[in-house]
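Report on the following structure.
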Amino acid sequence: MKTETRYWLMKSEPESYSIGHLKKDRKTAWNGVRNYQARNFMRDMKIGDQILFYHSNCKVMGVYGVAKVASAPYPDPTQFDPKSHYFDTKATKAKPIWDLVDIAYVSMFKEPVTLIDIRATPSLKSMIILQTGSRLSVTPVDPAHFNTILALAKRYM
DNA sequence: GCCAACGTTGGC
DNA sequence: GCCAACGTTGGC
């Protein structure tokens with residue numbers, strides 16, 4: 001059977017959930033995504049897919065480490081919870097709207113590969129997160145880009 | 001804190 | 001179905 005690993009980038013504001021949190025938790029349900037395109041990307045995910053973990057909206061923005069997809073996509077439970085910030089009145093258990101995957105900690109870089117580093121690397125110019133106005137919190141990543149980011153992370157090691 | 005870019009909502 | 005108004009994201 002053909003199994004091809006795919007690569008993704010997921011953004012998180014470190015104040016709400018950082019790679020440090022993921023390291024401690026080891027695994028987490030990536031709930032709260034309320035954008036159709038991002039949701040569709042998560043629906044495409046397979047267990048074992050590799051994820052660049054990106055910190056947004058913070059002092060040093062960039063990729064801080066690697067995670068991996070740890071579950072098949074399933075309905076985000078927070079959409080059914082009236083007390084949740086992510087509650088969606090239009091979602092029912094029979095007809096869920098929002099899906100998510102579990103992600104598991106893989107590694108944390110010694111130093112982040114910063115947004116500045118990424119912008120300064122010509123071969124990474126076509127990454128989706130660099131495109132102006134790109135606000136997607138989940139994006140697919142080209143395998144070559146993934147490897148380049150890992151190589152940049154190893155500079156310090 | 002500002003604001004550009006984007007997605008969503010709702011009136012028509 | 002259009003589009004103005006609004007809310008959010010996220011880099012700077």
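Note that the coordinates shown come from a computational prediction; the quantities given were computed from them, not determined experimentally. Letters go in sequence order (proteins before strands), and every chain restarts at 1.
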State whether A/Y54 places a side-chain N or O below 4.0 Å from either non-bridging phosphate oxygen (OP1 or OP2) of C/dG11.
-> yes
From the options B/dT9, B/dG7, B/dT8, select the nucleotide whose nearest atom is closest to the side chain of A/K90.
-> B/dT9
Mark yes or no for whether A/R6, through its side chain, and A/V141, through its backbone, hold a donor-acceptor pair below 3.5 Å.
-> no
salt_bridge(A/D99, A/R39) N-O dist < 4.0 Å = no
Near DNA chain B, under 4.0 Å by heavy atom, which residues of residues 131-142 of chain A?
-> A/T132, A/G133, A/R135
More than 12 foreign heavy atoms under 6.0 Å from CD1 of A/I116: is that the case here?
-> no
Atom CG of A/N35 and atom P of B/dC6: how far apart are they, to the nearest Å?
-> 13 Å
Under the ring-ring contact (aromatic ring centres under 6.0 Å, His included) rule, collect the residues that match up with A/F53, sequence neighbours excluded.
-> A/W30, A/H55
Could you check A/R34 against A/S137 for side-chain hydrogen bond (donor to acceptor under 3.5 Å, both in side chains), going step by step and ending with a plain yes or no?
-> CA-CA 10 Å; A/R34 292 295 180 267; A/S137 61; over 6 Å; no
Residue A/L115, side-chain heavy atoms: nucleotide from C/dC12, B/dT8, B/dG7 that is nearest = C/dC12
Using whole Å, report how far CZ of A/R39 lies from P of B/dT8.
-> 10 Å
Provide, to the nearest angstrom, the distance between the NZ atom belonging to A/K59 and the P atom belonging to C/dG11.
-> 16 Å
Residue-phosphate contact under 4.0 Å: A/K11 side-chain N/O, C/dG10 OP1/OP2 | yes
A/R34 near the nucleic acid: base, sugar-phosphate alone, or nothing, with a heavy-atom cut-off under 4.0 Å?
-> nothing
Do other residues, nucleotides or ligands put more than 12 heavy atoms under 6.0 Å from the NZ atom of A/K11?
-> yes
Rounded interatomic separation in angstrom, taking NE2 from A/H85 and C1' from C/dT8 | 10 Å
